[in-house]
J.: 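Please find one structure pasted underneath; my questions will follow.
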Amino acid sequence: MFGGCCGYSRHMLTQSISRVEEAERPASFDEWAAEVRRLARERDAVLLAHNYQLPWIQDVADYVGDSLALSRLAARGDARTIVFCGVHFMAETAKLLAPDRTVLLPDLRAGCSLADTVTAEDVRKWRTEHPDGLVVAYVNTSAAVKAESDVCCTSSNAVEVVESLPEGPDVLFLPDTFLGQHAARMTGRRLDIWMGECHVHAAISPAELRDKVAENPDAQLLVHPECGCTTSALWLSGTGDLPAGRTHIVSTSGMVKAARELGDGHALVATETGILHQLRNANPRATFEAVSPAAECRYMKMTTPQRLLDCLRNGVYEVEVDGEIARRARRAVERMIAIGQPGGGE
Ligand code: 13P
Ligand code: SF4
(Lines give C-alpha, C1' and ligand atoms only; values in the text may rest on other atoms or scores of the structure.)
(Ligands and ions follow the chains in the order given, each with its own letter.)
Protein backbone atom coordinates (compact mmCIF):
# COMPACT_ATOMS: atom_id res chain seq x y z
CA MET A 1 0.00 0.00 0.00
CA PHE A 2 2.82 2.39 0.71
CA GLY A 3 6.52 2.27 0.15
CA GLY A 4 9.51 3.78 1.87
CA CYS A 5 12.42 4.94 -0.24
CA CYS A 6 15.50 6.92 0.62
CA GLY A 7 17.60 6.30 -2.48
CA TYR A 8 17.65 8.41 -5.57
CA SER A 9 15.37 7.08 -8.28
CA ARG A 10 17.45 6.81 -11.47
CA HIS A 11 14.31 5.87 -13.29
CA MET A 12 12.93 9.33 -12.67
CA LEU A 13 15.64 10.91 -14.83
CA THR A 14 14.29 9.28 -17.94
CA GLN A 15 10.75 10.59 -17.41
CA SER A 16 9.50 13.96 -18.50
CA ILE A 17 8.84 16.16 -15.46
CA SER A 18 6.69 19.23 -15.10
CA ARG A 19 7.89 22.84 -14.91
CA VAL A 20 7.22 23.02 -11.16
CA GLU A 21 9.26 19.89 -10.61
CA GLU A 22 12.12 21.17 -12.78
CA ALA A 23 12.20 24.51 -10.94
CA GLU A 24 12.47 22.77 -7.57
CA ARG A 25 15.05 20.11 -8.45
CA PRO A 26 17.86 20.20 -5.84
CA ALA A 27 21.30 20.94 -7.34
CA SER A 28 22.54 17.61 -5.96
CA PHE A 29 19.87 15.18 -4.85
CA ASP A 30 22.35 13.04 -2.92
CA GLU A 31 23.75 15.94 -0.89
CA TRP A 32 20.30 17.38 -0.19
CA ALA A 33 18.88 13.98 0.78
CA ALA A 34 21.84 13.24 3.10
CA GLU A 35 21.25 16.56 4.90
CA VAL A 36 17.51 15.88 5.20
CA ARG A 37 18.17 12.43 6.65
CA ARG A 38 20.76 13.83 9.08
CA LEU A 39 18.38 16.54 10.32
CA ALA A 40 15.51 14.05 10.59
CA ARG A 41 17.65 11.76 12.76
CA GLU A 42 18.70 14.69 14.93
CA ARG A 43 15.05 15.69 15.47
CA ASP A 44 13.84 12.08 15.84
CA ALA A 45 11.44 12.78 12.98
CA VAL A 46 9.61 10.46 10.63
CA LEU A 47 8.91 11.88 7.17
CA LEU A 48 5.50 11.01 5.71
CA ALA A 49 4.84 12.05 2.12
CA HIS A 50 1.64 11.97 0.11
CA ASN A 51 1.66 10.40 -3.35
CA TYR A 52 1.22 13.87 -4.97
CA GLN A 53 4.41 15.37 -3.53
CA LEU A 54 7.34 16.43 -5.70
CA PRO A 55 9.47 13.42 -6.72
CA TRP A 56 12.43 14.48 -4.56
CA ILE A 57 10.21 14.67 -1.49
CA GLN A 58 8.73 11.24 -2.22
CA ASP A 59 12.22 9.80 -2.62
CA VAL A 60 13.59 11.16 0.64
CA ALA A 61 10.54 10.27 2.77
CA ASP A 62 10.34 7.30 5.13
CA TYR A 63 6.86 6.45 3.83
CA VAL A 64 4.86 7.50 0.81
CA GLY A 65 1.16 6.75 0.60
CA ASP A 66 -2.45 7.82 0.36
CA SER A 67 -4.41 9.62 3.06
CA LEU A 68 -5.54 6.44 4.80
CA ALA A 69 -2.11 4.78 4.86
CA LEU A 70 -0.48 7.95 6.18
CA SER A 71 -3.13 8.36 8.90
CA ARG A 72 -2.53 4.80 10.03
CA LEU A 73 1.22 5.38 10.08
CA ALA A 74 0.79 8.55 12.13
CA ALA A 75 -1.37 6.65 14.60
CA ARG A 76 1.09 3.85 15.22
CA GLY A 77 4.59 5.37 14.94
CA ASP A 78 6.82 6.36 17.84
CA ALA A 79 9.13 9.07 16.43
CA ARG A 80 8.99 12.25 18.55
CA THR A 81 8.18 14.38 15.49
CA ILE A 82 6.07 13.75 12.41
CA VAL A 83 6.99 15.87 9.39
CA PHE A 84 3.96 15.81 7.12
CA CYS A 85 4.85 16.40 3.49
CA GLY A 86 1.31 16.94 2.30
CA VAL A 87 -1.42 19.47 3.00
CA HIS A 88 -2.83 21.02 6.17
CA PHE A 89 -5.79 18.70 6.78
CA MET A 90 -3.43 15.71 6.60
CA ALA A 91 -1.10 17.21 9.21
CA GLU A 92 -4.12 17.99 11.40
CA THR A 93 -5.29 14.38 11.08
CA ALA A 94 -1.84 13.19 12.13
CA LYS A 95 -2.00 15.51 15.17
CA LEU A 96 -5.43 14.13 16.12
CA LEU A 97 -4.06 10.60 16.05
CA ALA A 98 -0.74 11.42 17.70
CA PRO A 99 -1.58 14.23 20.15
CA ASP A 100 1.58 13.81 22.19
CA ARG A 101 3.92 14.16 19.24
CA THR A 102 5.03 17.27 17.39
CA VAL A 103 3.55 17.52 13.90
CA LEU A 104 5.28 19.81 11.43
CA LEU A 105 4.03 21.03 8.05
CA PRO A 106 6.79 22.61 5.93
CA ASP A 107 4.48 25.32 4.51
CA LEU A 108 1.35 26.48 6.34
CA ARG A 109 -0.15 27.78 3.09
CA ALA A 110 -0.53 24.19 1.88
CA GLY A 111 -4.32 24.05 2.05
CA CYS A 112 -6.94 22.21 0.02
CA SER A 113 -9.60 23.76 -2.21
CA LEU A 114 -11.94 20.84 -1.49
CA ALA A 115 -11.62 21.10 2.32
CA ASP A 116 -12.42 24.82 2.00
CA THR A 117 -15.88 24.13 0.51
CA VAL A 118 -17.47 23.21 3.86
CA THR A 119 -17.44 24.73 7.35
CA ALA A 120 -18.41 23.42 10.77
CA GLU A 121 -21.36 25.82 10.69
CA ASP A 122 -22.61 24.18 7.44
CA VAL A 123 -22.63 20.78 9.16
CA ARG A 124 -24.41 22.10 12.25
CA LYS A 125 -27.09 23.62 10.00
CA TRP A 126 -27.68 20.26 8.25
CA ARG A 127 -27.94 18.58 11.64
CA THR A 128 -30.67 20.96 12.82
CA GLU A 129 -32.67 19.97 9.73
CA HIS A 130 -31.86 16.25 10.21
CA PRO A 131 -31.63 15.75 14.00
CA ASP A 132 -31.20 11.96 13.71
CA GLY A 133 -28.94 12.16 10.65
CA LEU A 134 -25.41 10.82 10.28
CA VAL A 135 -22.52 12.73 8.77
CA VAL A 136 -19.66 11.11 6.83
CA ALA A 137 -16.74 13.50 6.37
CA TYR A 138 -14.11 12.81 3.76
CA VAL A 139 -10.74 13.22 5.43
CA ASN A 140 -10.19 16.29 3.19
CA THR A 141 -11.88 18.54 5.78
CA SER A 142 -10.74 20.74 8.66
CA ALA A 143 -10.61 19.31 12.19
CA ALA A 144 -13.54 21.62 13.03
CA VAL A 145 -15.69 19.91 10.37
CA LYS A 146 -14.55 16.46 11.50
CA ALA A 147 -15.58 17.39 15.04
CA GLU A 148 -19.17 17.88 13.82
CA SER A 149 -19.17 14.55 11.94
CA ASP A 150 -19.88 10.96 12.96
CA VAL A 151 -17.23 9.19 10.94
CA CYS A 152 -14.49 10.05 8.44
CA CYS A 153 -13.53 8.27 5.26
CA THR A 154 -10.85 8.48 2.60
CA SER A 155 -11.05 7.65 -1.09
CA SER A 156 -9.88 4.11 -0.35
CA ASN A 157 -12.57 3.28 2.21
CA ALA A 158 -15.54 5.58 1.41
CA VAL A 159 -17.64 2.67 0.14
CA GLU A 160 -16.88 0.50 3.21
CA VAL A 161 -17.59 3.39 5.58
CA VAL A 162 -20.98 4.14 3.97
CA GLU A 163 -21.81 0.42 4.01
CA SER A 164 -21.02 0.28 7.74
CA LEU A 165 -23.76 2.83 8.59
CA PRO A 166 -27.13 1.66 9.88
CA GLU A 167 -30.01 1.77 7.37
CA GLY A 168 -32.66 4.34 8.28
CA PRO A 169 -31.14 7.68 9.27
CA ASP A 170 -30.49 10.34 6.64
CA VAL A 171 -26.81 10.46 5.72
CA LEU A 172 -24.86 13.53 4.65
CA PHE A 173 -21.69 12.79 2.69
CA LEU A 174 -19.29 15.71 2.45
CA PRO A 175 -17.59 17.56 0.91
CA ASP A 176 -16.70 15.88 -2.41
CA THR A 177 -19.64 15.48 -4.74
CA PHE A 178 -17.93 13.02 -7.13
CA LEU A 179 -16.70 10.72 -4.35
CA GLY A 180 -20.16 10.93 -2.75
CA GLN A 181 -21.82 9.92 -6.03
CA HIS A 182 -19.34 7.06 -6.39
CA ALA A 183 -20.08 5.81 -2.84
CA ALA A 184 -23.85 6.09 -3.45
CA ARG A 185 -23.54 4.17 -6.74
CA MET A 186 -21.42 1.42 -5.20
CA THR A 187 -23.53 0.94 -2.08
CA GLY A 188 -26.99 1.64 -3.51
CA ARG A 189 -27.56 3.97 -0.52
CA ARG A 190 -29.40 7.28 -0.79
CA LEU A 191 -27.04 10.02 0.39
CA ASP A 192 -27.33 13.78 0.79
CA ILE A 193 -24.20 14.82 -1.07
CA TRP A 194 -22.40 18.10 -0.46
CA MET A 195 -21.63 20.00 -3.68
CA GLY A 196 -17.91 20.48 -3.04
CA GLU A 197 -15.16 19.63 -5.46
CA CYS A 198 -11.39 19.72 -5.78
CA HIS A 199 -10.31 22.22 -8.44
CA VAL A 200 -7.67 19.80 -9.76
CA HIS A 201 -9.85 16.70 -10.10
CA ALA A 202 -13.00 18.49 -11.19
CA ALA A 203 -11.04 19.99 -14.07
CA ILE A 204 -10.18 16.59 -15.55
CA SER A 205 -12.99 16.67 -18.07
CA PRO A 206 -15.05 13.89 -19.63
CA ALA A 207 -13.99 15.19 -23.08
CA GLU A 208 -10.30 14.91 -22.19
CA LEU A 209 -10.90 11.39 -20.94
CA ARG A 210 -12.84 10.30 -24.03
CA ASP A 211 -10.12 11.63 -26.35
CA LYS A 212 -7.32 9.91 -24.43
CA VAL A 213 -9.21 6.62 -24.36
CA ALA A 214 -9.90 6.85 -28.10
CA GLU A 215 -6.18 7.49 -28.80
CA ASN A 216 -5.11 4.57 -26.56
CA PRO A 217 -7.67 1.81 -27.04
CA ASP A 218 -5.58 -0.86 -25.30
CA ALA A 219 -4.70 1.09 -22.17
CA GLN A 220 -6.01 0.46 -18.67
CA LEU A 221 -7.71 3.43 -17.01
CA LEU A 222 -6.92 4.45 -13.42
CA VAL A 223 -9.35 7.11 -12.16
CA HIS A 224 -9.44 8.80 -8.76
CA PRO A 225 -13.04 9.01 -7.50
CA GLU A 226 -12.68 12.78 -6.89
CA CYS A 227 -12.48 13.28 -10.67
CA GLY A 228 -15.15 15.11 -12.62
CA CYS A 229 -14.77 12.43 -15.28
CA THR A 230 -15.58 9.48 -12.97
CA THR A 231 -19.11 9.07 -14.33
CA SER A 232 -17.80 9.27 -17.87
CA ALA A 233 -15.24 6.57 -17.11
CA LEU A 234 -17.99 4.27 -15.89
CA TRP A 235 -20.12 5.11 -18.89
CA LEU A 236 -17.23 4.36 -21.27
CA SER A 237 -16.60 1.08 -19.48
CA GLY A 238 -20.23 0.14 -20.00
CA THR A 239 -20.35 0.98 -23.69
CA GLY A 240 -17.57 -1.27 -24.90
CA ASP A 241 -15.34 1.75 -25.67
CA LEU A 242 -13.52 0.63 -22.58
CA PRO A 243 -14.07 -2.93 -21.35
CA ALA A 244 -15.28 -2.90 -17.73
CA GLY A 245 -12.27 -4.89 -16.49
CA ARG A 246 -9.92 -2.13 -17.63
CA THR A 247 -11.41 0.73 -15.59
CA HIS A 248 -10.25 1.09 -11.99
CA ILE A 249 -11.83 3.78 -9.80
CA VAL A 250 -9.36 3.82 -6.93
CA SER A 251 -7.45 5.91 -4.38
CA THR A 252 -3.88 6.91 -5.14
CA SER A 253 -2.53 3.82 -3.34
CA GLY A 254 -5.07 1.70 -5.22
CA MET A 255 -3.38 3.03 -8.36
CA VAL A 256 0.05 1.94 -7.11
CA LYS A 257 -1.32 -1.55 -6.47
CA ALA A 258 -2.87 -1.68 -9.96
CA ALA A 259 0.46 -0.50 -11.43
CA ARG A 260 2.29 -3.48 -9.93
CA GLU A 261 -0.11 -5.80 -11.70
CA LEU A 262 0.26 -4.10 -15.09
CA GLY A 263 3.29 -6.04 -16.41
CA ASP A 264 4.64 -4.14 -19.41
CA GLY A 265 1.23 -2.63 -20.15
CA HIS A 266 -0.01 0.93 -20.53
CA ALA A 267 -2.24 2.93 -18.20
CA LEU A 268 -4.00 6.28 -18.50
CA VAL A 269 -4.07 8.02 -15.15
CA ALA A 270 -6.77 10.49 -14.10
CA THR A 271 -5.58 12.27 -10.95
CA GLU A 272 -2.92 14.74 -9.78
CA THR A 273 0.22 14.10 -11.80
CA GLY A 274 2.54 13.62 -8.76
CA ILE A 275 1.29 10.03 -8.58
CA LEU A 276 3.09 9.20 -11.85
CA HIS A 277 6.40 9.08 -9.95
CA GLN A 278 5.12 6.39 -7.55
CA LEU A 279 3.52 4.45 -10.41
CA ARG A 280 6.73 4.46 -12.44
CA ASN A 281 8.76 3.40 -9.42
CA ALA A 282 6.24 0.64 -8.67
CA ASN A 283 6.49 -0.72 -12.21
CA PRO A 284 9.30 0.62 -14.42
CA ARG A 285 8.31 -1.72 -17.27
CA ALA A 286 4.88 -0.18 -17.79
CA THR A 287 3.94 3.13 -19.43
CA PHE A 288 1.89 5.63 -17.42
CA GLU A 289 0.33 8.65 -19.04
CA ALA A 290 -1.67 11.45 -17.43
CA VAL A 291 -5.19 11.92 -18.80
CA SER A 292 -4.62 15.61 -18.02
CA PRO A 293 -0.98 16.72 -17.78
CA ALA A 294 -2.25 20.04 -16.34
CA ALA A 295 -3.66 18.31 -13.23
CA GLU A 296 -1.22 19.70 -10.65
CA CYS A 297 -2.18 20.63 -7.10
CA ARG A 298 -0.28 23.80 -6.21
CA TYR A 299 -0.82 23.11 -2.49
CA MET A 300 0.85 19.72 -2.70
CA LYS A 301 3.81 21.27 -4.53
CA MET A 302 4.41 23.82 -1.74
CA THR A 303 6.62 21.32 0.08
CA THR A 304 9.76 22.16 -1.83
CA PRO A 305 13.19 20.66 -1.07
CA GLN A 306 14.30 23.96 0.48
CA ARG A 307 11.18 24.26 2.67
CA LEU A 308 11.68 20.72 3.91
CA LEU A 309 15.23 21.64 4.99
CA ASP A 310 13.96 24.81 6.71
CA CYS A 311 11.25 22.78 8.43
CA LEU A 312 13.74 20.30 9.85
CA ARG A 313 16.32 22.94 10.79
CA ASN A 314 13.91 25.33 12.51
CA GLY A 315 11.12 23.03 13.72
CA VAL A 316 8.47 24.86 11.67
CA TYR A 317 5.53 24.96 11.26
CA GLU A 318 3.90 23.21 14.16
CA VAL A 319 0.28 22.14 13.62
CA GLU A 320 -1.98 22.19 16.70
CA VAL A 321 -5.66 21.37 17.09
CA ASP A 322 -7.77 22.96 19.83
CA GLY A 323 -8.51 20.53 22.72
CA GLU A 324 -12.30 20.07 22.50
CA ILE A 325 -12.32 20.11 18.68
CA ALA A 326 -9.49 17.58 18.73
CA ARG A 327 -11.36 15.26 21.10
CA ARG A 328 -14.50 15.20 18.92
CA ALA A 329 -12.66 15.09 15.60
CA ARG A 330 -10.46 12.20 16.83
CA ARG A 331 -13.57 10.13 17.52
CA ALA A 332 -14.65 10.45 13.85
CA VAL A 333 -11.17 9.60 12.55
CA GLU A 334 -10.74 6.66 14.94
CA ARG A 335 -14.09 5.21 13.88
CA MET A 336 -12.81 5.27 10.31
CA ILE A 337 -9.48 3.70 11.25
CA ALA A 338 -11.35 0.89 13.05
CA ILE A 339 -13.34 0.01 9.92
CA GLY A 340 -11.44 -2.65 8.03
CA GLN A 341 -9.21 -3.47 11.01
CA PRO A 342 -9.61 -6.84 12.73
CA GLY A 343 -12.43 -6.47 15.23
CA GLY A 344 -13.28 -3.04 13.84
CA GLY A 345 -16.29 -1.70 12.01
CA GLU A 346 -19.59 -0.59 13.26
P1 13P B 1 -5.91 9.81 -1.58
O2 13P B 1 -6.50 9.50 -0.26
O3 13P B 1 -6.42 8.93 -2.67
O4 13P B 1 -4.43 9.82 -1.49
O5 13P B 1 -6.37 11.28 -2.01
C6 13P B 1 -6.12 12.42 -1.24
C7 13P B 1 -6.34 13.66 -2.02
O8 13P B 1 -6.12 14.75 -1.58
C9 13P B 1 -6.87 13.52 -3.36
O10 13P B 1 -6.82 14.75 -3.97
FE1 SF4 C 1 -7.08 19.11 -2.07
FE2 SF4 C 1 -7.42 18.62 -4.63
FE3 SF4 C 1 -5.01 19.22 -3.76
FE4 SF4 C 1 -6.12 16.84 -3.15
S5 SF4 C 1 -5.52 17.56 -5.17
S6 SF4 C 1 -5.05 18.22 -1.74
S7 SF4 C 1 -8.27 17.43 -2.94
S8 SF4 C 1 -6.79 20.59 -3.73
Side-chain angles (χ1 to χ4, degrees), residues 1-8 24 26 29-112 115 139-140 142-144 146 152 154 253 274 278 299-323 325-327 329-330 333-334 336-337:
M1 189 158 183
F2 46 82
C5 172
C6 297
Y8 185 57
E24 299 299 343
F29 177 86
D30 290 341
E31 281 173 27
W32 170 81
E35 180 64 356
V36 168
R37 298 308 321 166
R38 189 187 69 74
L39 291 165
R41 265 194 312 279
E42 211 172 81
R43 207 171 264 287
D44 187 19
V46 62
L47 308 189
L48 306 183
H50 188 265
N51 287 320
Y52 296 158
Q53 290 286 292
L54 289 166
W56 339 105
I57 304 292
Q58 295 187 27
D59 283 353
V60 84
D62 293 296
Y63 299 100
V64 184
D66 68 2
S67 306
L68 182 61
L70 296 178
S71 298
R72 287 193 166 134
L73 280 161
R76 72 167 186 244
D78 55 10
R80 196 155 40 88
T81 301
I82 297 171
V83 173
F84 215 112
C85 302
V87 294
H88 192 267
F89 75 81
M90 296 180 176
E92 264 191 348
T93 307
K95 184 67 188 177
L96 295 176
L97 293 169
D100 299 334
R101 295 154 69 200
T102 302
V103 176
L104 300 179
L105 183 70
D107 190 326
L108 278 182
R109 295 168 307 164
C112 170
V139 75
N140 296 41
S142 65
K146 290 182 178 79
C152 286
T154 71
S253 287
Q278 275 306 301
Y299 304 113
M300 282 285 179
K301 302 320 191 215
M302 284 176 178
T303 312
T304 61
Q306 184 57 48
R307 287 190 192 125
L308 179 55
L309 280 182
D310 295 344
C311 162
L312 284 162
R313 280 189 187 127
N314 306 322
V316 290
Y317 295 91
E318 193 165 347
V319 173
E320 297 277 9
V321 185
D322 174 72
I325 289 180
R327 190 188 63 74
R330 185 176 306 122
V333 179
E334 283 176 348
M336 168 189 83
I337 299 263

J.: Within the 4.5 Å heavy-atom criterion, are D62 and L48 side-chain neighbours or not?
T.: no
J.: Considering residues at least two apart in sequence or located in another chain, which fulfil the side-chain hydrogen bond (donor to acceptor under 3.5 Å, both in side chains) criterion with T303?
T.: Q53
J.: Would you please test V139 and K146 for side chain to side chain contact (heavy atoms under 4.5 Å, CB included) and show each step?
T.: CA-CA 8 Å; V139 75; K146 290 182 178 79; 3.9 Å; yes
J.: Please report the shortest heavy-atom distance between R72 and I337, naming the atom on each side.
T.: NH2-O, 3.7 Å
J.: Please identify each residue that fulfils side-chain hydrogen bond (donor to acceptor under 3.5 Å, both in side chains) with E31, with sequence neighbours left out.
T.: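 If we apply the side-chain hydrogen bond (donor to acceptor under 3.5 Å, both in side chains) test to E31, skipping adjacent residues, there are no hits.
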J.: CG/D44 to CD1/I82 distance, rounded to the nearest 0.5 angstrom?
T.: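 Rounded to the nearest 0.5 Å, the CG-CD1 separation comes out at 11.0 Å.
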J.: For residues 84-94, dump all side-chain donor-acceptor pairs below 3.5 Å to protein atoms at least two apart in sequence or in another chain.
T.:
residue, atom, partner, partner atom, Å
E92, OE1, A143, N, 2.7
T93, OG1, F89, O, 2.7

J.: What is the minimum heavy-atom distance between M336 and L68, and which atoms define it?
T.: CE-CD1, 3.8 Å
J.: Indicate the ring-plane relationship of F29 and W32, choosing parallel, tilted or perpendicular according to the 30° and 60° boundaries.
T.: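 Answer is tilted, since the angle falls between 30° and 60°.
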J.: If you apply the rule side chain to side chain contact (heavy atoms under 4.5 Å, CB included), what do you find for V46 with L73, and how did you get there?
T.: CA-CA 10 Å; V46 62; L73 280 161; over 6 Å; no
J.: Quick one: CG on L47 to CG on L308, what's the gap to the nearest 0.5 Å?
T.: 6.0 Å
J.: Hey, can you pull the donor-acceptor pairs under 3.5 Å for the side chains in residues 100-109, sequence neighbours left out?
T.:
residue, atom, partner, partner atom, Å
R101, NE, A79, O, 2.7
R101, NH1, A74, O, 2.9
R101, NH1, G77, O, 3.1
R101, NH2, A79, O, 3.2
D107, OD1, R109, N, 2.8
D107, OD1, R109, NE, 3.1
D107, OD2, R109, NE, 3.4
D107, OD2, R109, NH2, 2.6
D107, OD2, R307, NE, 3.3
D107, OD2, R307, NH1, 3.2

J.: Between L54 and M300, does the side chain to side chain contact (heavy atoms under 4.5 Å, CB included) criterion hold? Intermediate values first, please.
T.: CA-CA 8 Å; L54 289 166; M300 282 285 179; over 6 Å; no
J.: Where do P305 and W56 come nearest, in terms of heavy atoms and distance?
T.: CG-CD1, 3.8 Å
J.: Measure the CG-CZ distance between L96 and R327 for me, rounded to the nearest 0.5 Å.
T.: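 The CZ atom of R327 is 12.5 Å from CG of L96, to the nearest 0.5 Å.
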J.: Excluding sequence neighbours, so at least two apart, what forms side-chain contact (heavy atoms from CB on, under 4.5 Å) with R38?
T.: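 For R38 the side-chain contact (heavy atoms from CB on, under 4.5 Å) partners, ignoring immediate neighbours, are E35, R41, E42.
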J.: What's the shortest heavy-atom distance between C152 and V333, and which atoms?
T.: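 So the minimum-distance heavy-atom pair works out to SG-CG2, 3.9 Å.
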J.: Pairs under 3.5 angstrom only: tabulate donor-acceptor contacts from the side chains of residues 310-322 to other protein residues two or more places apart or in another chain.
T.:
residue, atom, partner, partner atom, Å
D310, OD1, Q306, NE2, 3.0
N314, ND2, D310, O, 3.3

J.: Show the nearest heavy-atom pair for residues S67 and T154, with the distance to one decimal.
T.: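 The pair with the smallest heavy-atom distance is CB-CG2, 4.1 Å.
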